[in-house]
Visitor: 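I'd like to ask you about the structure that follows.
Order of the sequence lines sets the chain letters (A, B, ...), proteins ahead of strands, with each chain counted from 1. Note that the coordinates shown come from a computational prediction; the quantities given were computed from them, not determined experimentally.
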Amino acid sequence: MNYWLMKSEPDDASIDDVLALPKQTIAWYGVRNYQARNFMRDAMQVGDGVLFYHSGCAVPGIAGLAEVASTPYPDDTQFDHKSKYFDPKANREEPRWMLVDVRALKKTRLISLAELREQEPLADMRILQRGNRLSITPVSAAEWRHITNKLMKA
DNA sequence: GCCAACGTTGGC
DNA sequence: GCCAACGTTGGC
């Protein structure tokens, strides 16, 4: 069992949006970074814990809890000429971009980026490191415990 | 294989 | 809208 933090722009897909979907599940389309792709393709397991993070918005932070809900499969948007995620170098025989399904479990209170930075036990979190832009990052078991404990208290 | 140019992310 | 950081591209 591993843990992850996955960023989504709430204007695109917020935790509320995903909870409103059938099965509360969304294909995590649009990742176009190899490191992030490799986490989905090579490292994620069904049932892994996911911190659902809102980025590119007024108050960025953790907005919900989710889980990995599928094994990896090709991201369809890479083949779609009309999609902004279309990749001319991808083809169906050798898909370049893989994704997993993510099932939203619950909306939480927002733990803002500023609040995360105040937490000494989270000092080494990938998301808090200078210049980090990766949209998917591993979360340690200790970091996961700290954050979920905090959510239960509040 | 180097590296300059360019594009993107994402907080502020 | 700005800009720092960093990934990707492509000429050489």
Visitor: Between C:dT8, B:dG11, C:dT9, which nucleotide gets closest to the side-chain atoms of A:P60?
Guide: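 So the side chain of A:P60 is nearest to B:dG11.
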
Visitor: When A:W28 is tested against each of A:Y73, A:F52, A:F39 for ring-ring contact (aromatic ring centres under 6.0 Å, His included), which residue passes?
Guide: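 Of the listed residues A:Y73, A:F52, A:F39, the ring-ring contact (aromatic ring centres under 6.0 Å, His included) partner of A:W28 is A:F52.
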
Visitor: Any non-hydrogen side-chain atom of A:V68 less than 4.5 Å from a side-chain atom of A:Q45?
Guide: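 No, side chains not in contact.
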
Visitor: Taking the side chain of A:R117 as its heavy atoms from C-beta onward, which of C:dT9, B:dG7, B:dC12 lies nearest to it?
Guide: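 Nearest listed nucleotide: B:dC12.
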
Visitor: Side-chain contact, heavy-atom cut-off 4.5 Å: A:R126 with A:L5?
Guide: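 Heavy-atom side-chain distance check fails, nothing below 4.5 Å.
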
Visitor: Have A:R133 and A:S55 got a donor and an acceptor in their side chains that come within less than 3.5 Å?
Guide: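 Per modelled atom types, A:R133 and A:S55 side chains form no pair under 3.5 Å.
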
Visitor: Just the rounded figure in Å: distance from P of B:dG10 to CG of A:L5.
Guide: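 After rounding, the gap between these two atoms is 11 Å.
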
Visitor: Given B:dT9, is OP1 or OP2 found less than 4.0 Å from the side-chain N or O atoms of A:K7?
Guide: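 So the side-chain polar atoms of A:K7 never come under 4.0 Å of the phosphate oxygens OP1 or OP2 of B:dT9.
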
Visitor: So, does the side chain of A:R32 form a donor-acceptor pair with the base of B:dT8 at under 3.5 Å?
Guide: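 No such pair is found, so the answer is no.
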
Visitor: Just the rounded figure in Å: distance from P of C:dG7 to CG of A:N38.
Guide: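 It works out to 13 Å between those atoms.
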
Visitor: Need to verify one output field. Residue with the more 5' nearest nucleotide on DNA chain B, A:Y85 or A:A114?
Guide: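 Its nearest nucleotide being more 5', the pick is A:Y85.
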
Visitor: Return the value, rounded to whole Å, for the distance between atom NE2 of A:H54 and atom P of B:dG11.
Guide: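 One finds 12 Å between P of B:dG11 and NE2 of A:H54, rounded.
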
Visitor: Return the value, rounded to whole Å, for the distance between atom CG of A:L116 and atom C1' of B:dC12.
Guide: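 Going from A:L116 (CG) to B:dC12 (C1'), I get 16 Å.
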
Visitor: Please state how far atom CG in A:L128 lies from atom P in B:dG11, giving the value in whole angstrom units.
Guide: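 A:L128 atom CG is separated from B:dG11 atom P by 11 Å.
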
Visitor: Which one, B:dG11, B:dT8, B:dG10, comes nearest to the side chain of A:R133?
Guide: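 So the side chain of A:R133 is nearest to B:dT8.
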
Visitor: Can you tell me if A:Y34 touches the phosphate of C:dC6, counting only side-chain N or O atoms and a distance under 4.0 Å to OP1 or OP2?
Guide: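 Looking at the OP1 and OP2 atoms of C:dC6, neither is under 4.0 Å from any side-chain N or O of A:Y34.
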
Visitor: Could you tell me how far apart A:D11 (CG) and B:dG11 (P) are, to the nearest whole angstrom?
Guide: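 It is 13 Å, rounded to the nearest whole Å.
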
Visitor: Nearest-Å distance, CG (A:L113) to P (B:dG10)?
Guide: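 To the nearest whole Å, that distance equals 11 Å.
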
Visitor: Side-chain contact, heavy-atom cut-off 4.5 Å: A:L65 with A:W144?
Guide: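 With C-beta onward as the side chain, the pair touches.
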
Visitor: Which one, B:dG10, B:dT8, B:dG11, comes nearest to the side chain of A:S135?
Guide: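 Closest nucleotide among those given: B:dG10.
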
Visitor: Take atom CH2 of A:W97 and atom P of C:dT8, then tell me their distance rounded to the nearest Å.
Guide: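 Going from CH2 in A:W97 over to P in C:dT8 covers 7 Å.
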
Visitor: Given that A:N33 and A:K89 both sit by DNA chain C, which one's nearest nucleotide is further toward the 5' end?
Guide: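 Closest to the 5' end, via its nearest nucleotide, is A:N33.
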
